[in-house]
Structure formats: structure tokens, C-alpha cells
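My questions all concern the structure below.
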2 protein chains.
Amino acid sequence: MPRQAAEATILAAAERVFGQHGFRGTSMNEIAQEAGVPKANIHYYFGTKEELYRSVLEGIMTFWLHDADYWLVPERRACDGFEGYIRAKMMFSRERPDASRIFAYELLQGAGNIHHYLSTTLREHVARRGQTFAVWEEDGQMPRVDPAHLMFAIWSMTQAYADMSAQMNAVIGNAHLLESDFETGLQTILRLVLGFCNDVAGKS
Amino acid sequence: MPRQAAEATILAAAERVFGQHGFRGTSMNEIAQEAGVPKANIHYYFGTKEELYRSVLEGIMTFWLHDADYWLVPERRACDGFEGYIRAKMMFSRERPDASRIFAYELLQGAGNIHHYLSTTLREHVARRGQTFAVWEEDGQMPRVDPAHLMFAIWSMTQAYADMSAQMNAVIGNAHLLESDFETGLQTILRLVLGFCNDVAGKS
DNA sequence: GTCTATATTGAGATAGAC
DNA sequence: GTCTATCTCAATATAGAC
């Protein structure tokens with residue numbers, strides 16, 4: 001197998017296994033079996049387990065910010081922006097649940113591997129959202145609110161459909177979340193956030 | 001040390017260490033040092049690492065349901081109920097962040113150790129919230145909404161202040177969350193949920 | 001570049017003295 | 001009941017043949 005294909009295969013397998021068992025709960029053996037390559041090859045391509053894990057994390061990070069830069073910009077109407085953004089986040093939880101879970105594990109551990117990323121790139125990213133929200137507030141499209149905490153709320157609600165899916169399955173009574181569950185969740189979250197941004201007249 | 005005191009000491013230490021590193025990331029050695037007892041004593045009192053972990057989980061579970069049974073009942077006004085419940089959940093994230101994280105780790109792992117609890121006790125618990133919400137909807141105090149998904153939203157937003165605190169710290173720029181951060185978060189969540197339950201006239 | 005066989009370490013668990 | 005010393009095994013990592 002050529003180098004590039006092998007690395008991609010291993011990274012994809014690692015994302016699945018890390019996403020299910022976390023960093024400490026995953027053995028190199030398991031990743032090797034999932035990828036269908038000998039264990040030694042993973043070390044040959046990626047060095048240590050931790051370096052492999054960091055590579056997986058980096059791939060996830062690049063995905064993280066795209067949606068907000070597309071949707072949460074002053075040129076849009078507030079309601080359109082929030083709806084598009086929340087839809088995109090729900091799609092991510094549905095299509096790449098393992099990536100979402102790896103991120104959640106990393107945060108639970110204290111985020112030691114991505115601290116630099118969080119306190120520079122993500123921090124500036126949130127600051128830009130703050131500028132967008134300031135314009136929308138000025139324009140009377142949404143009430144005054146702390147931008148960071150509003151983002152925290154949206155992230156947690158949408159990522160829950162990957163990170164807490166085991167709990168949702170048990171409560172709903174299915175083996176796994178269905179298309180319709182994601183749709184109901186989306187509508188519920190939209191009700192909360194759009195109700196909020198439609199509510200300006202009555203509040204301010 | 002008498003048996004009861006030793007067990008309580010070990011359980012408290014285990015909650016701290018499991019809450020920081022998760023089940024797989026925690027060694028019995030670390031718990032022993034945190035508790036200030038020899039490792040062998042932990043095995044004497046609790047058997048295996050997994051049995052100790054389950055004991056910690058059980059202690060957390062009993063706490064879980066109290067608040068909703070107190071606040072989300074038909075006798076209250078919807079707004080009062082939601083506000084009290086959300087305040088209680090935020091307090092839990094602030095005062096027992098390790099307990100919240102252990103629960104989050106367990107859900108990420110697939111909830112194998114608490115599946116029975118989730119699909120019986122918690123499921124019925126959510127069904128009772130559904131009855132409360134139905135009364136409030138009938139009474140025009142809140143719009144029609146899926147009860148389970150509304151609970152999912154509230155749980156994820158409030159627990160994020162324990163589970164995702166590393167991310168929040170980095171974005172806010174502090175070493176740890178302050179009293180004022182919890183207050184701002186609380187107000188943001190209340191805005192979303194109460195805006196929602198005040199919004200009935202304009203919707204239905 | 002690829003893989004088998006192995007060195008090394010760390011962790012769960014327990015035997016047995018006190 | 002309490003603790004030290006030790007057993008056993010699983011997992012990371014690498015040496016070295018092909």
C-alpha cells in the first residue's frame with residue numbers, strides 16, 4: 001500500500017476506535033486490527049500512540065471552525081445565521097460522531113493536547129462571533145447576550161447528539177438514534193435559539 | 001480507621017481521580033495516594049477496580065434525579081420550575097464537577113455500566129417530566145415541544161460547565177471558571193429557556 | 001517498506017506477615 | 001483489619017529478518 005493510502009486508512013481506523021474508547025481505553029492492537037495492518041506499521045508511520053492521537057485531533061480541529069465562519073457573519077439575518085449554523089452542527093454530530101466524541105474526551109481530560117489551539121485560534125474565533133452578534137444586537141435582531149456563553153450553549157446542545165447518544169438511546173428506547181430523532185432535536189434547539197432571537201421586541 | 005470512614009475516604013478520592021482521568025486513565029495507585037491509604041486496602045474494601053468504579057457511579061446516580069422531581073412538577077408555574085431546575089443543575093456542575101465528568105465519561109464509553117438505570121429509572125423520570133410539560137402546555141404556559149429533547153438540551157447546556165470547562169477556560173482566558181462565569185452562563189441559559197416558555201402567545 | 005518476535009514497563013490483583 | 005512484597009498479564013515500543 002502506498003504511504004498516503006496507508007496513513008489515511010490508519011487515521012480513519014484510529015478515529016473510530018479512539019472515538020469509542022478514548023485515548024487511554026484504546027490499544028494500538030485494536031487500531032491495527034480495525035485498520036487491517038500490522039501493529040508495527042502504525043509505529044512506523046506515526047511514531048508513538050500519542051503522536052497518532054495528536055494527528056487524529058488535528059484532522060478534527062480543521063473541521064471545527066468552518067461552519068461558524070460561513071453562517072455567523074453580519075451580512076446574514078440573525079435567524080438565518082443561527083438556523084444554518086445549528087443545522088450544520090447537528091449534521092456534524094450525525095455524520096462524524098466519533099470525531100465529536102474524541103473532542104469531548106479531550107476536553108474532559110483537561111484539553112492538554114489542544115490547549116494552544118483553544119486559547120488562540122478558537123478564542124479569536126469566538127471573538128469574531130462577538131462582533132457579528134454586536135451588529136445584530138445594534139440592528140435589533142437579537143437581544144444583548146454574552147457571545148461566548150451563547151456559543152457554549154449551542155455547542156453543548158448540538159454535540160450532545162454525538163457525545164450523549166447512549167443516554168438518549170436509553171431514554172427514547174431505541175438501539176440507536178434515528179433520522180427522526182435528529183430532526184426532533186434540531187427543531188427543539190431551533191425553538192430555543194430562534195425563540196430567543198425573535199424575542200427582542202418584547203424584551204428591550 | 002473504622003470501616004465506614006475508610007470507605008467514605010476512598011470513595012471521595014476515587015470520585016476526584018476518576019473525574020479527572022476517567023476509568024481507564026486512572027490507576028489504583030493514584031487513588032490510593034489521593035486517599036492516603038495503601039493500595040491493597042482499596043481492594044480489601046471494594047474488590048476490583050471496576051466494583052469501586054460502580055460504587056462511585058451509584059453514589060452519583062442517586063443525586064441525579066432529585067432536582068427535577070422537586071422543580072419540574074405541574075403545581076409550579078412553568079417559568080419558576082425551569083428557573084429553579086436550571087439553577088440547581090448549574091450548582092451541581094459548580095460544586096461536584098468530578099461527578100458530572102464521571103457521568104460524561106460513562107456516557108461517552110457507551111454507558112455499559114448504567115444501561116439498566118438509564119433505560120428504566122431515567123426513562124420513567126423523563127416520562128413524568130412529559131406529564132408536567134403536557135399540563136403546562138394545556139395551560140398555555142409553554143409551547144408544545146418534545147419533552148425528552150428539551151431535557152437533553154437543558155442537561156447538556158448545564159453540564160457543559162463541568163464537562164467542557166477546559167474549553168471555556170481557554171476561550172474566556174482564565175485558569176478556571178469564576179463565580180461570575182457561572183452566573184453569566186446561568187443567565188444565558190435562562191434567556192434561552194425562559195424566552196421560550198414566555199413565547200407561547202406569539203407562537204400558538 | 002513490511003512484518004514477526006521480543007524487550008520492557010506499568011497496572012491490577014493477591015499472598016502472607018503483622 | 002492493615003500493609004509490604006510479589007505475581008501475572010497486557011500494552012507500548014522496537015529490533016531485526018525479509
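No hydrogens, no waters, no symmetry mates; every other heavy atom, side chains included, goes into these values. All values derive from a computational prediction rather than experimental measurement.
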Whole angstrom value for the distance that separates P of C:dA13 from OH of B:Tyr53: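 It is 15 Å, rounded to the nearest whole Å.
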
Distance in angstrom units between B:Gln4 CD and D:dG1 P, rounded: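 Between P of D:dG1 and CD of B:Gln4: 12 Å.
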
Under the side chain to side chain donor-acceptor pair (under 3.5 Å) test, residues paired with B:Gln131 that sit two or more places apart: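 Applying side chain to side chain donor-acceptor pair (under 3.5 Å) to B:Gln131 gives none.
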
A:Tyr161/B:His149 under ring-ring contact (aromatic ring centres under 6.0 Å, His included): CA gap, chis, key distance, verdict: CA-CA 10 Å; A:Tyr161 284 81; B:His149 289 264; 5.7 Å; yes

Whether A:Phe92 and A:Trp64 hold their rings parallel, tilted or perpendicular, with breakpoints at 30° and 60°: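 Taking A:Trp64 first and then A:Phe92, their aromatic rings stand perpendicular (interplane angle over 60°).
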
Interatomic distance where NZ belongs to A:Lys49 and C1' belongs to C:dT9 [whole Å]: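 After rounding, the gap between these two atoms is 14 Å.
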
Donor-acceptor contact present, side-chain B:Lys49 to main-chain B:Phe23, <3.5 Å: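 Flag set: sc B:Lys49 to bb B:Phe23 pair under 3.5 Å.
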
Atom pair distance, as rounded to whole Å: CD in A:Glu50 and C1' in D:dA13: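 It is 14 Å, rounded to the nearest whole Å.
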
For A:Arg76, all residues meeting side chain to side chain donor-acceptor pair (under 3.5 Å), sequence neighbours excluded: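 Testing A:Arg76 for side chain to side chain donor-acceptor pair (under 3.5 Å), a comparison that skips the adjacent residues, returns none.
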
Pairwise 5' ranking along DNA chain D for B:Pro2 and B:Arg24, keeping only the more 5' one: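 The residue whose closest nucleotide sits nearer the 5' end is B:Pro2.
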
Touch class at under 4.0 angstrom, heavy-atom based, for B:Tyr45 against every strand present: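 Answer is sugar-phosphate: B:Tyr45 comes under 4.0 Å of backbone atoms only.
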
Strand-adjacent residues in residues 29-44 of chain B, judged by heavy atoms under 4.0 Å from DNA chain D: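 Here the set is B:Pro38, B:Ala40, B:Asn41, B:Tyr44.
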
Salt-bridge present (A:Arg54, A:Glu58; N to O < 4.0 Å):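 Not counted as a salt bridge, because no side-chain N and carboxylate O are separated by less than 4.0 Å.
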
Between C1' of D:dT12 and CZ of A:Phe18, the distance in whole Å: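 Nearest whole value for this atom pair: 12 Å.
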
